[in-house]
Amino acid sequence: MPDNLSFPLPKKILVTGAAGFIASRVCAQLHAQGCAVTGLDNFNDAYDIRLKDWRWAQLEKIEGLELHRLDLTHTEALKRLFEKHARAEHAAPFDAVINLAARAGVRASVENPFVYVEANVEGALNVLEMCRQFSVKKFVLASTSSLYGKDHATPYREDMNTDRQLSPYAATKKAAEAMAYTYHFLHGLDVSVLRYFTVYGPAGRPDMTPLRFTQRIREGRPITVFGDGSQSRDFTYVDDIARGTISALRPIGYDIFNLGSDEPLKLSAMITLIEELTDKKAQIEYRPWHPADMAATWADISKAKAKLEWSPQVKFHEGLQKLVTWYEENRIWAKDIDTD
């Protein structure tokens with residue numbers, strides 16, 4: 001659940017990408033706080049759709065939570081949604097928009113950069129423009145730690161240079177950040193940009209190692225490790241990330257925040273822990289290092305602690321146990337999720 005917030009939450013909130021891993025938890029937490037939540041998602045096939053279907057089904061159980069299947073690049077449909085809520089309220093359709101809809105994933109963006117530009121740049125621009133046209137005051141943008149590239153000392157701080165992205169995914173997120181600042185400067189939109197570090201938890205993305213390795217180790221399938229397993233990631237539990245996202249709804253002006261655990265973990269250590277929790281031995285296939293990957297991610301979260309009054313609460317062992325438990329409870333279909 002969200003922290004005891006020191007500011008009044010906006011009442012009417014639009015959350016894009018609502019069937020997504022983080023956004024589905026944001027919707028649930030906001031509703032529990034008494035907000036009127038509208039969620040939308042286009043159900044793209046970036047990864048196995050069964051995960052999005054499962055998350056969406058959990059949201060449909062929440063009475064009063066409004067859901068729409070809608071693509072942000074369909075400008076007229078998006079405008080009709082804003083118009084509908086503006087008429088109903090005789091005012092701005094929403095008090096805030098949390099834009100979590102995106103194409104994520106480093107390696108897939110190398111193979112097909114065009115869909116990343118469409119979703120992450122054009123989609124973000126369309127939402128920003130709706131905020132301008134309909135006088136929405138607050139905009140929260142999901143960004144990524146991938147912006148930091150490989151040339152900075154860790155931990156990563158928000159004031160570090162982010163001009164040398166290693167993947168089209170990171171480049172599109174950098175473009176969305178720049179566009180959000182432009183709308184802040186020109187139109188007075190209050191903007192919080194959140195650079196998420198590696199997020200994990202129940203019903204997570206299958207292209208991320210926590211779910212992928214949990215499934216494969218549990219089912220006796222081989223896992224692929226690029227390099228020697230010494231790379232480290234700043235793993236952060238999804239409910240902690242959702243709390244931080246909600247905390248970023250406060251008035252900011254324009255600012256950027258890292259949301260991470262500040263406790264990076266080596267990939268090899270995660271594999272060992274999954275082995276312990278599943279009581280299975282991993283079959284590891286080692287492959288050469290991928291040039292788009294980063295050797296380490298590590299968030300300096302002092303700014304989020306000071307300005308958002310946020311810090312992570314769930315330790316990695318506890319969060320990974322929750323993921324393994326979820327997998328066992330849903331194994332009848334989760335064992336067949338495409339994690340290639």
Engineer: Do Arg195 and Lys173 have side chains that approach each other closer than 4.5 Å (heavy atoms only, starting at C-beta)?
Structural biologist: no
Engineer: Hydrophobic clustering (ILVMFWY, side-chain heavy atoms < 4.5 Å, transitive) - are Phe257 and Val140 grouped together?
Structural biologist: yes
Engineer: Would you find more than 12 non-hydrogen atoms of other residues, nucleotides or ligands less than 6.0 Å from Phe114 atom CZ?
Structural biologist: no
Engineer: For Glu219, is there an ion pair with Arg331 - N to carboxylate O distance below 4.0 angstrom?
Structural biologist: yes
Engineer: Indicate the ring-plane relationship of Trp326 and Trp54, choosing parallel, tilted or perpendicular according to the 30° and 60° boundaries.
Structural biologist: perpendicular
Engineer: I'd like to know if the side chain of Ser247 and the backbone of Arg243 have a donor-acceptor N/O pair within less than 3.5 Å.
Structural biologist: no
Engineer: Find the distance between CD (Glu122) and CE (Met179) and round it off to the nearest 0.5 Å.
Structural biologist: 11.0 Å
Engineer: If hydrophobic clusters are built by linking Ile, Leu, Val, Met, Phe, Trp and Tyr wherever their side-chain heavy atoms come under 4.5 Å apart, do Ile246 and Val193 end up in the same one?
Structural biologist: no
Engineer: Is there a side-chain contact between Ser109 and Thr172 in this structure, where contact means two heavy atoms from C-beta onward sitting under 4.5 Å apart?
Structural biologist: no
Engineer: I would like to know whether Leu59 and Val37 meet side chain to side chain contact (heavy atoms under 4.5 Å, CB included); could you show each step before the answer?
Structural biologist: CA-CA 11 Å; Leu59 294 179; Val37 180; over 6 Å; no
Engineer: Answer with yes or no after comparing the ring centroid distance for Phe316 and Tyr200 against a 6.0 Å cut-off, counting only values under it.
Structural biologist: yes
Engineer: Between Tyr148 and Asn258, is there a side-chain heavy-atom distance shorter than 4.5 Å?
Structural biologist: yes
Engineer: Evaluate the criterion side chain to side chain contact (heavy atoms under 4.5 Å, CB included) for residue pair Met130 and Lys79; output intermediate values, then yes/no.
Structural biologist: CA-CA 7 Å; Met130 289 301 102; Lys79 187 172 184 178; 3.8 Å; yes
Engineer: Can you label the angle between the His85 ring and the Phe94 ring as parallel, tilted or perpendicular, going by 30° and 60°?
Structural biologist: tilted
Engineer: Would a distance-only check, ignoring hydrogens and angles, find a side-chain to backbone donor-acceptor pair under 3.5 Å from Gln215 to Ile337?
Structural biologist: yes
Engineer: Drop me the distance from Ile241's CD1 to Ile22's CD1, to the nearest 0.5 angstrom.
Structural biologist: 6.0 Å
Engineer: Quick check, are the ring centers of Phe43 and Trp56 under 6.0 angstrom apart?
Structural biologist: yes
Engineer: Could you tell me whether a side-chain N or O of Asp338 sits under 3.5 Å from a main-chain N or O of Asp48, the two making a donor and an acceptor?
Structural biologist: no
Engineer: Would you confirm whether Gln165, through its side chain, and Ser146, through its main-chain N or O, come within 3.5 Å as a donor-acceptor pair?
Structural biologist: no
Engineer: Using 4.0 Å as the upper bound for N to carboxylate O, is an ion pair formed by Arg218 and Glu328?
Structural biologist: yes
Engineer: Given 3.5 Å as the limit, does a donor-acceptor pair link the side chain of Asn99 with the main chain of Leu141, or not?
Structural biologist: no
Engineer: Have a look at Thr325 and tell me which of Gln321, Lys322, Glu329 forms a side chain to side chain donor-acceptor pair (under 3.5 Å) with it.
Structural biologist: Gln321
Engineer: Assigning hydrophobic clusters by single linkage (Ile, Leu, Val, Met, Phe, Trp, Tyr; side-chain heavy-atom cutoff under 4.5 Å), is Ile98 placed with Phe134?
Structural biologist: no
Engineer: If I compare all heavy atoms of Gly39 with all of Ala18, which pair ends up nearest, and what's the gap?
Structural biologist: CA-CB, 3.8 Å
Engineer: Membership question, hydrophobic clusters at under 4.5 Å side-chain separation (ILVMFWY): are Phe235 and Ile217 in the same one?
Structural biologist: yes
Engineer: Between Asn120 (side chain) and Ala176 (backbone), is there a donor-acceptor pair under 3.5 Å?
Structural biologist: no
Engineer: If you look at every heavy atom in Ile332 and Asp336, which pair is closest and at what distance?
Structural biologist: O-OD2, 4.1 Å
Engineer: Apply side chain to side chain contact (heavy atoms under 4.5 Å, CB included) to residues Phe82 and Gln133 and explain how you reach the verdict.
Structural biologist: CA-CA 9 Å; Phe82 274 71; Gln133 290 185 26; over 6 Å; no
Engineer: For a quick test of reading the model, state the closest non-hydrogen atom pair linking Ile223 to Ala282 and the distance between them.
Structural biologist: CD1-CB, 4.2 Å
Engineer: Go through the steps to decide whether Arg250 and Leu308 satisfy the test side chain to side chain contact (heavy atoms under 4.5 Å, CB included), and finish with yes or no.
Structural biologist: CA-CA 8 Å; Arg250 71 189 65 216; Leu308 300 184; 4.0 Å; yes
Engineer: Check this for me: Asp279, atom CG, are more than 12 non-hydrogen atoms of other residues, nucleotides or ligands nearer than 6.0 Å?
Structural biologist: no
Engineer: Looking at side-chain heavy atoms only, is the closest gap between Met208 and Thr198 below 4.5 Å?
Structural biologist: yes
Engineer: Looking only at atom types and distance, does a side-chain atom of His31 sit under 3.5 Å from a main-chain N or O of Glu63, one as donor and one as acceptor?
Structural biologist: yes
Engineer: Closest heavy-atom contact between Val97 and Cys131?
Structural biologist: CG2-SG, 3.8 Å
Engineer: Could you check whether any side-chain N or O of Lys303 sits under 3.5 Å from a backbone N or O of Ile256, counting only pairs where one atom can act as donor and the other as acceptor?
Structural biologist: yes
Engineer: In this structure, are over 12 heavy atoms from other groups packed under 6.0 Å from Arg164 atom CZ?
Structural biologist: no
Engineer: Do Lys52 and Asp45 meet the salt-bridge criterion of a basic N to acidic O distance under 4.0 Å?
Structural biologist: no
Engineer: Look only at the side chain of Asp190 and the backbone of Gly253, and say whether a donor-acceptor pair between them is shorter than 3.5 Å.
Structural biologist: yes
Engineer: Please verify the inter-ring angle class for Phe185 with Tyr181; under 30° counts as parallel, over 60° as perpendicular, anything in between as tilted.
Structural biologist: parallel
Engineer: Do the non-hydrogen side-chain atoms of Ile13 and Leu249 ever get within less than 4.5 Å of each other?
Structural biologist: yes
Engineer: In Å, rounded to the nearest 0.5 Å, how long is the span from CG of Asp340 to CG of Asp207?
Structural biologist: 11.5 Å
Engineer: Could you tell me whether the side chains of Asp234 and Ser261 share a donor-acceptor contact shorter than 3.5 Å?
Structural biologist: yes
Engineer: Hey, are Arg25 and Asp239 close enough for a salt bridge, meaning a charged N less than 4.0 Å from a carboxylate O?
Structural biologist: yes
Engineer: How long is the gap from OG1 on Thr245 to CG on Asp240, to the nearest 0.5 Å?
Structural biologist: 10.5 Å
Engineer: Please say yes or no: joined through hydrophobic side-chain contacts below 4.5 Å, possibly via intermediate residues, are Val121 and Leu128 part of one cluster?
Structural biologist: no
Engineer: Any side-chain to backbone donor/acceptor pair from Arg287 onto Phe226? Under 3.5 Å, distance only.
Structural biologist: no
Engineer: Would you check if Leu81 and Leu14 make a side-chain contact, meaning some heavy-atom pair closer than 4.5 Å?
Structural biologist: yes
Engineer: Is there a side-chain contact between His74 and Asn126 (heavy atoms, below 4.5 Å)?
Structural biologist: no
Engineer: Identify the heavy atoms of Arg55 and Gly204 that sit nearest to each other, and give their distance.
Structural biologist: NH2-O, 3.6 Å
Engineer: Considering all heavy atoms of both residues, which atom of Leu100 and which atom of Ala142 are nearest to each other, and what is their separation?
Structural biologist: CD2-CB, 3.4 Å
Engineer: May I ask you to decide whether Glu285 forms a salt bridge with Arg216, counting only side-chain N to carboxylate O separations under 4.0 Å?
Structural biologist: no
Engineer: Are the charged groups of Arg132 and Glu129 less than 4.0 angstrom apart, N to O?
Structural biologist: yes
Engineer: Taking side chain as C-beta onward, heavy atoms only, is Ser6 less than 4.5 Å from Glu309?
Structural biologist: yes
Engineer: Look up atom CD in Glu66 and atom CG in Leu40, then write down how far apart they are to the nearest 0.5 Å.
Structural biologist: 9.5 Å
Engineer: Can you tell me how far apart OG (Ser302) and CD (Glu158) are? Round to the nearest 0.5 Å.
Structural biologist: 6.5 Å
Engineer: Are Arg50 and Asp53 within salt-bridge range, i.e. N to O under 4.0 Å?
Structural biologist: no
